[in-house]
Amino acid sequence: MAVRFVTGNEGKVREARAYLEGIDRVEQIEYDYTEIQSDSLEEIARVGAREAFEETGNDDPVLVGDTGLFVDALAGFPGPYSAYVEDTVGVERLWRLVEAEDDRRARFRTVLAFADGERTETFDGTLAGTIVAPRGDEGFGYDPIFEYNGQTLAEMSLEEKNAISHRGRALAAFAEWYADDEY
Ligand code: ITT
Ligand code: NA
């Protein structure tokens with residue numbers, strides 16, 4: 001058995017391996033599941049995980065992750081549309097939008113959906129921080145404008161970020177459940 005992590009990002013797979021060490025193997029699969037339009041990361045991840053499991057014709061369970069950046073002063077924007085907004089508006093212009101606000105609080109949220117053909121379970125993790133002018137060269141996506149504890153995520157080493165990140169927290173919750181299960 002192995003958990004098949006559906007992602008284009010090898011870094012996420014390495015991170016998942018660290019959490020599932022001694023529990024199960026983690027393989028990367030690239031499968032372009034349908035991203036339904038929804039306000040709910042859970043729904044998006046759940047539907048994606050079921051589809052990935054059914055369409056890939058393999059009995060090993062799958063894990064699909066969906067992440068969003070939710071800015072308080074923008075009513076949660078870009079939220080579930082974070083990937084689209086990164087590609088269109090861009091990270092620098094999102095900062096410009098938030099710069100005009102007094103309240104710059106935001107949170108990252110990751111939902112992981114696990115599907116094995118019988119059941120679908122979701123796990124989530126959040127990280128609260130503040131939107132700031134871009135700093136740092138590490139990480140990816142919105143990391144340069146997201147500050148936590150005085151540092152942007154792009155100023156942290158990968159190990160530092162993984163230890164506190166939204167995805168790390170979701171992976172820890174998943175690993176705890178998966179280790180307990182009959183797998
Ligand atoms: P997958 O192939 O893993 O699905 P993705 O980029 O399409 O990758 P995500 O749901 O992980 O899907 O990400 C949605 C958006 O949030 C996208 O713009 C990412 O760059 C951004 N993002 C995700 N995780 C992030 C993190 O840890 N730090 C900064 N930005 C992140
Ligand atoms: Na995703």
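Counting starts at 1 for both ligands and their atoms, following the listed order. A quick note: this is a predicted structure, and the numbers were derived from the prediction, not measured.
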Please report whether ligand 1 has a polar contact with Tyr142, defined as an N or O pair separated by less than 3.5 Å (distance criterion only). yes
Under 4.0 Å from one or more heavy atoms of Gly8, ligand 1 contributes atoms 2 (O)
Check contact between Asp66 and ligand 1, using heavy atoms of the residue and a distance below 4.0 angstrom. yes
Using a 4.0 Å cutoff against the non-hydrogen atoms of Thr7, which atoms of ligand 1 qualify? 1 (P), 2 (O), 3 (O)
On a heavy-atom basis, I'd like to know which of Gln28, Lys12, Glu10 is closest to atom 9 (P) of ligand 1. Lys12
Asp143: numbered ligand 1 atoms lying under 4.0 Å from its heavy atoms: 26 (C), 28 (N), 29 (C)
Phe114 and Phe174 aromatic ring geometry - parallel, tilted or perpendicular at 30°/60° bounds: tilted
Going by the rule salt bridge (Lys or Arg N to Asp or Glu O under 4.0 Å), which residues pair with Arg96 if we only count those two or more places apart in sequence or in a different chain? Glu92, Glu99
What's the verdict on salt bridge (charged side-chain N to carboxylate O under 4.0 Å, His left out) for Lys161 and Glu138, showing C-alpha distance, side-chain angles and the deciding distance? CA-CA 10 Å; Lys161 177 186 164 184; Glu138 305 296 320; over 6 Å; no
Does some non-hydrogen atom of Glu30 fall short of 4.0 Å from ligand 1? no
Pairs of nitrogen or oxygen atoms closer than 3.5 Å, one from Gly141 and one from ligand 1: do any exist? no
Quick one: sort the Phe146 and Phe108 rings into parallel, tilted or perpendicular, breaks at 30° and 60°. tilted
Is the contact between Phe108 and ligand 1 made by the side chain, the backbone, both, or neither, using heavy atoms and a 4.0 Å cut-off? side chain
Under 6.0 Å from the CG atom of Asp59, do we count more than 12 heavy atoms belonging to anything else shown? no
Drop me the distance from Leu94's CG to Leu69's CG, to the nearest 0.5 angstrom. 6.5 Å
Is Glu10 salt-bridged to Lys12, cutoff N-O under 4.0 Å? no
Which atom pairs, one a donor and one an acceptor, fall under 3.5 Å between side chains of residues 72-80 and the rest of the protein, sequence neighbours left out?
residue, atom, partner, partner atom, Å
Asp72, OD1, Arg107, NH2, 3.3
Asp72, OD2, Arg107, NH2, 3.1

I need the atoms of ligand 1 closer than 4.0 Å to a non-hydrogen atom of Lys161, numbered in the order shown. 26 (C), 27 (O), 28 (N)
Numbered atoms of ligand 1 (with element) below 4.0 Å of Arg167, judged on heavy atoms: 24 (N), 25 (C), 26 (C), 27 (O)
Glu86: numbered ligand 1 atoms lying under 4.0 Å from its heavy atoms: 17 (C), 18 (O), 19 (C), 20 (O)
